[in-house]
Protein chains: 2
Amino acid sequence: MAYDPSAFEPFAVTVDLVVLTIRDDELCVLTVERGEEPYAGRRALPGGFVLPDEDLETAALRELAEETGLTATDVHLEQLRTYGAPARDPRMRVVSVAHLALAPDLPTPQAGTDAAAASWVPVSSVGPLAFDHDEVLRDGLERARAKLEYSPLATAFCPPEFTIGELRRVYEVVWGVSLDPRNFHRKATATPGFLVATGERTNRQGGRPAELFRRGEAIALLPPMNRPAPHS
Amino acid sequence: MAYDPSAFEPFAVTVDLVVLTIRDDELCVLTVERGEEPYAGRRALPGGFVLPDEDLETAALRELAEETGLTATDVHLEQLRTYGAPARDPRMRVVSVAHLALAPDLPTPQAGTDAAAASWVPVSSVGPLAFDHDEVLRDGLERARAKLEYSPLATAFCPPEFTIGELRRVYEVVWGVSLDPRNFHRKATATPGFLVATGERTNRQGGRPAELFRRGEAIALLPPMNRPAPHS
DNA sequence: GATTGTTTTCGTCGTAATGACGATAAGCCT
DNA sequence: AGGCTTATCGTCATTACGACGAAAACAATC
């Protein structure tokens with residue numbers, strides 16, 4: 001980095017959030033409704049400015065807490081991609097560091113200060129969003145779908161203890177496919193480090209009571225889960 | 001994004017580059033030597049400010065051309081990650097959008113304007129770099145190694161036409177393993193869309209002449225290449 | 001209380017993919 | 001010619017995977 005002070009130009013830096021959860025067997029994204037121009041009335045991804053002394057991830061966590069009341073212990077958060085097209089915001093030069101957050105379906109309503117405008121929208125029926133947020137959402141969905149294959153990230157959509165059936169539902173909803181329960185059970189339990197049995201059982205799904213599992217310590221899934229071609 | 005003008009604070013936005021190539025069977029990264037404080041005398045990743053009307057990728061390509069003379073048609077370029085710790089640059093608040101570039105080993109010396117200070121360093125012996133560039137390089141290497149598994153990206157290290165043996169060397173050098181030539185040949189030629197035979201042969205490797213291939217149209221490798229545990 | 005329905009969980013079976021390795025081909029060098 | 005190198009084709013045993021059958025263990029209903 002050869003800094004030439006004469007070349008320095010100020011940019012605004014923001015974080016935008018793609019927050020995904022599963023509600024009623026549908027993949028949903030958190031959106032806010034814009035009140036001001038540009039794109040007044042449109043839905044947009046939540047986000048805001050990075051404060052002068054704030055880390056990028058800290059800013060993302062702060063925005064996440066403001067919109068949903070979720071904290072770092074509740075959600076998986078990772079940086080997604082940075083969007084910086086010169087005209088992406090007509091008012092000024094804004095570079096936005098998008099983050100991807102995956103949260104379980106909390107029974108808690110969306111607490112938080114300005115949560116009034118925030119709402120979950122199924123990704124299948126989310127209209128055109130403000131700014132370049134359609135592209136951001138598309139990239140976030142792609143990342144989430146890909147990461148389910150080779151990481152234990154699907155557990156981020158589940159409560160701390162969950163059944164294999166609930167985990168399978170996550171894969172089915174996020175990928176938009178239907179998976180064989182028997183093969184999925186075999187694969188999930190055979191993948192080392194993916195799941196830890198608790199020894200307890202639950203029958204909250206109806207049917208035969210299922211064993212409860214916790215997330216294992218594995219960072220990556222070996223072998224990975226195989227994603228079939230879409231369409232159930 | 002609820003813009004509150006009072007919260008707006010100017011940031012400097014830069015692009016940093018992790019440019020990788022393979023020279024003499026070693027994975028090398030492009031570095032520049034810093035002349036000024038901070039970190040004067042240290043090596044650093046090439047990079048520079050994003051211009052006021054410039055896209056992020058355009059800025060990365062411009063810096064790449066300035067340092068190496070390489071153009072978009074020669075290299076693979078993708079965004080890597082954004083680094084924005086408040087104190088990562090002691091002079092001012094700098095947010096850096098790091099990019100990963102993979103280039104074939106061009107016989108052309110590093111042309112370009114200020115290429116004098118730029119040089120290839122084997123990643124195995126690269127000392128501590130300036131700023132947080134050690135972390136950036138680590139992330140770039142991890143990304144490159146992972147992408148060789150499920151994308152045809154290894155071809156970015158090769159000339160337009162290459163042999164299976166040359167391609168295998170890429171995998172071996174980047175992953176730091178040794179692969180069975182027979183199994184690799186079977187897998188590479190069987191993966192649909194990975195390689196296109198040209199019909200021509202070359203004996204530039206010594207030994208029996210090998211068929212020349214071009215990169216296929218596949219975006220992803222199905223099934224992926226399998227990375228064995230390190231240590232050859 | 002027997003039946004129906006649901007979900008879980010354990011097996012089976014044929015096919016495909018994979019790793020280990022033998023063998024041959026086709027050039028170069030001495 | 002003989003040896004060395006790399007490329008390419010094949011074999012074989014093991015494993016992974018997709019498609020199913022079947023039993024287990026509950027709830028709801030007749």
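A, B, ... follow the sequence lines: proteins, then strands. Residue 1 opens every chain. This structure is a prediction, so every number in the text was calculated from the model and none was measured.
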What distance separates Glu149(B) CD from Lys147(B) NZ, expressed to the nearest 0.5 Å? 12.5 Å
Side chains of Asp16(A) and Ser96(A): donor-acceptor distance under 3.5 Å anywhere? yes
Could you check how far CD1 of Ile164(A) sits from C1' of dT7(C), rounded to whole Å? 13 Å
Please state whether the phosphate of dC17(D), meaning OP1 or OP2, lies under 4.0 angstrom from any side-chain nitrogen or oxygen of Lys187(A). yes
If I take atom CG in residue Leu195(A) and atom P in nucleotide dT9(C), what distance separates them, rounded to the nearest angstrom? 11 Å
Taking the side chain as every heavy atom from C-beta outward, state whether Val177(A) and Arg227(A) have any atom pair closer than 4.5 Å. no
Of the options dA17(C), dT9(C), dC20(D), whose atoms approach the side-chain atoms of Asp180(A) most closely? dC20(D)
Is it true that Arg43(B) and Ser119(B) share a donor-acceptor pair across their side chains at a distance under 3.5 Å? yes
Between Glu57(B) and Gln79(B): side-chain donor-acceptor atoms closer than 3.5 Å: no
Looking only at side-chain atoms of Asn183(A), point me to the closest of dA7(D), dT9(C), dA19(D). dA19(D)
Side chain of Arg186(B) - closest among dC28(C), dT11(D), dC17(D): dT11(D)
Interatomic distance where CZ belongs to Arg204(B) and C1' belongs to dA7(D) [whole Å]: 14 Å
Where the side chain of Arg182(B) is defined as all heavy atoms beyond and including C-beta, which of dA26(C), dA23(C), dG18(D) is the nearest nucleotide? dA23(C)
Using only side-chain N and O atoms of His185(A), determine if any of them is under 4.0 Å from OP1 or OP2 of dT9(C). yes
Would you say the base of dT7(C) and the side-chain of Arg208(A) have a donor-acceptor pair closer than 3.5 Å? no
Starting at the 5' end of DNA chain D, which residue's closest nucleotide do you reach first, Gly207(A) or Ala210(B)? Ala210(B)
Provide, to the nearest angstrom, the distance between the CG atom belonging to Leu222(A) and the P atom belonging to dT15(D). 17 Å
For the pair made of CG in Leu221(A) and C1' in dA16(D), what is the distance, rounded to whole Å? 15 Å
Specify the separation, in whole Å, of atom CD of Glu211(B) and atom C1' of dA26(C). 14 Å
Could you give the angle between the helix axes at the two ends of the helix from dG1(C)-dC30(D) to dT30(C)-dA1(D), with five pairs per end, rounded to 10 degrees? 0°
Of Pro223(B) and Pro209(B), whose nearest nucleotide on DNA chain C comes first from the 5' end? Pro223(B)
If you check the Asn203(B) side chain, which of dG27(C), dA7(D), dT8(D) turns out closest? dG27(C)
Residue Arg201(B), side-chain heavy atoms: nucleotide from dA26(C), dC17(D), dT8(D) that is nearest: dT8(D)
Nearest to the side chain of Arg168(B), which nucleotide is it out of dT8(C), dA7(D), dG22(C)? dA7(D)
For the pair made of CD in Glu166(B) and C1' in dA7(D), what is the distance, rounded to whole Å? 12 Å
Which one, dT18(C), dT9(C), dA7(D), comes nearest to the side chain of Gln205(B)? dA7(D)
Using ring centroids (six-membered ring only for Trp), state whether Tyr171(B) and Phe184(B) fall under 6.0 Å. yes
CZ of Phe162(A) versus P of dT8(C): gap in Å, rounded? 13 Å
Is a side-chain donor-acceptor pair under 3.5 Å present for Glu135(A) with His133(A)? no
Check whether any side-chain heavy atom of Asp105(B) lies under 4.5 Å from a side-chain heavy atom of Ile22(B), and answer yes or no. no
